[in-house]
Amino acid sequence: MRILSICLLLCWLGTPLAAQYSGDARSLAMGGSSAGLQGLRAVLANPAGMAFDSETGVLLFAENRFGLADLKGVAAAASISSGYGQFGLQVHYFGFQGFNRQSASLAYARRLMDRLSIGGKFDLIQTRIPEYGSESTIGFQLGFHARLLKKLHWAGHIIHPVQSDREGAQALTNIIRTAVTWEASPQIMLTAEAEKNIDWPMRVRVGMEYAFLRQAFFRLGFSSEPSVFSFGLGYRKNRQLGVDLGMSYHSILGPSPAFSLLYSFSKQDSKS
């Protein structure tokens with residue numbers, strides 16, 4: 001089982017699947033579409049979205065890739081709202097003792113005007129294999145988030161556009177994403193995202209969130225290249241405590257469940 005996990009992890013790190021879970025269990029349930037996220041959740045995805053729904057809070061995320069015990073990931077994120085903009089911090093771990101990838105990120109976002117925000121994120125990433133040592137490198141991300149209409153948002157996100165030339169630094173994947181989010185009604189939100197990995201064909205992700213109760217949500221999603229279906233449930237109590245469950249299903253590799261727990265100290269009516 002350990003050999004199978006290593007082979008799958010190596011294959012996953014070199015394919016578009018590696019970028020599929022930028023976000024939390026909510027975005028995973030909606031096909032992995034995360035570039036248009038707002039608020040605290042945007043710390044894990046496109047940092048520009050932090051400034052469009054300012055939240056001070058913490059988020060915990062856990063996933064189990066393809067149902068294998070060794071392919072587990074955990075992440076923690078925090079966001080702080082200030083008069084100088086929105087600050088975010090993220091740490092992430094994926095893998096197991098014999099092969100893992102760890103990262104720490106510092107994010108910042110600020111509104112330029114009422115309908116536009118920009119954000120950036122610095123990443124310190126380390127891949128470790130005890131028998132062979134470890135490699136680390138530094139990358140950065142840039143993004144924007146724009147409100148085109150009252151209920152229509154457009155976002156863009158560039159991940160690691162420049163490679164480190166330091167000897168021994170690991171190569172990072174170059175990714176460009178753009179997303180549109182439409183609040184079709186008070187109960188329904190739709191999202192669509194296109195992603196281009198420099199080494200792979202374009203991926204398309206679509207998702208839907210339906211508020212079947214005032215504080216409870218049902219989600220569906222799909223992503224292409226390869227085809228992955230997803231669904232999930234969410235609950236947000238008093239707009240502060242949030243719990244999300246998500247599941248994606250790859251036709252060959254199997255299911256990948258995920259869980260998120262969010263707590264916002266902000267009292268404004270933040271997005272789910």
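Just the heavy atoms: all of them, side chains too, but no hydrogens, waters or symmetry mates, feed the values below. Keep in mind the model is a prediction, meaning the values are calculated, not measured.
Through chains of ILVMFWY side-chain contacts below 4.5 Å, Met189 is grouped with Met30.
Between Glu195 and Asn197, the side chains place no donor N or O within less than 3.5 Å of an acceptor N or O (distance only, hydrogens not considered). A side-chain N or O of Gln86 and one of Ser79 form a donor-acceptor pair less than 3.5 Å apart. Checking Arg101 against Thr127 by side-chain atom types alone, a donor-acceptor pair falls below 3.5 Å. When only modelled atom types and interatomic distance are considered, Arg177 and Ser34 share a side-chain donor-acceptor pair under 3.5 Å. With no hydrogens or angles considered, a side-chain donor-acceptor pair links Ser223 and Arg203 at under 3.5 Å. Judged by distance alone, the side chains of Ser81 and Thr56 never bring a donor and an acceptor atom under 3.5 Å apart.
Using cut-offs of 30° and 60° for the angle between ring planes, the Phe52 and His153 rings count as perpendicular. In this pair, Phe144 and Trp154 present their aromatic rings perpendicular. The plane angle is above 60°, beyond the 30 to 60° band.
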Exercise. Does the pair Asp123 and Gln141 meet the rule for a side chain to side chain contact (heavy atoms under 4.5 Å, CB included), with working shown?
Worked result: CA-CA 8 Å; Asp123 304 313; Gln141 307 178 31; 2.8 Å; yes
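Every residue was checked against the salt bridge (Lys or Arg N to Asp or Glu O under 4.0 Å) condition with Arg147, not counting sequence neighbours, and none meets it. Applying the ring pair (Phe, Tyr, Trp, His ring centres under 6.0 Å) criterion to Phe229, with sequence neighbours excluded, gives Phe222.
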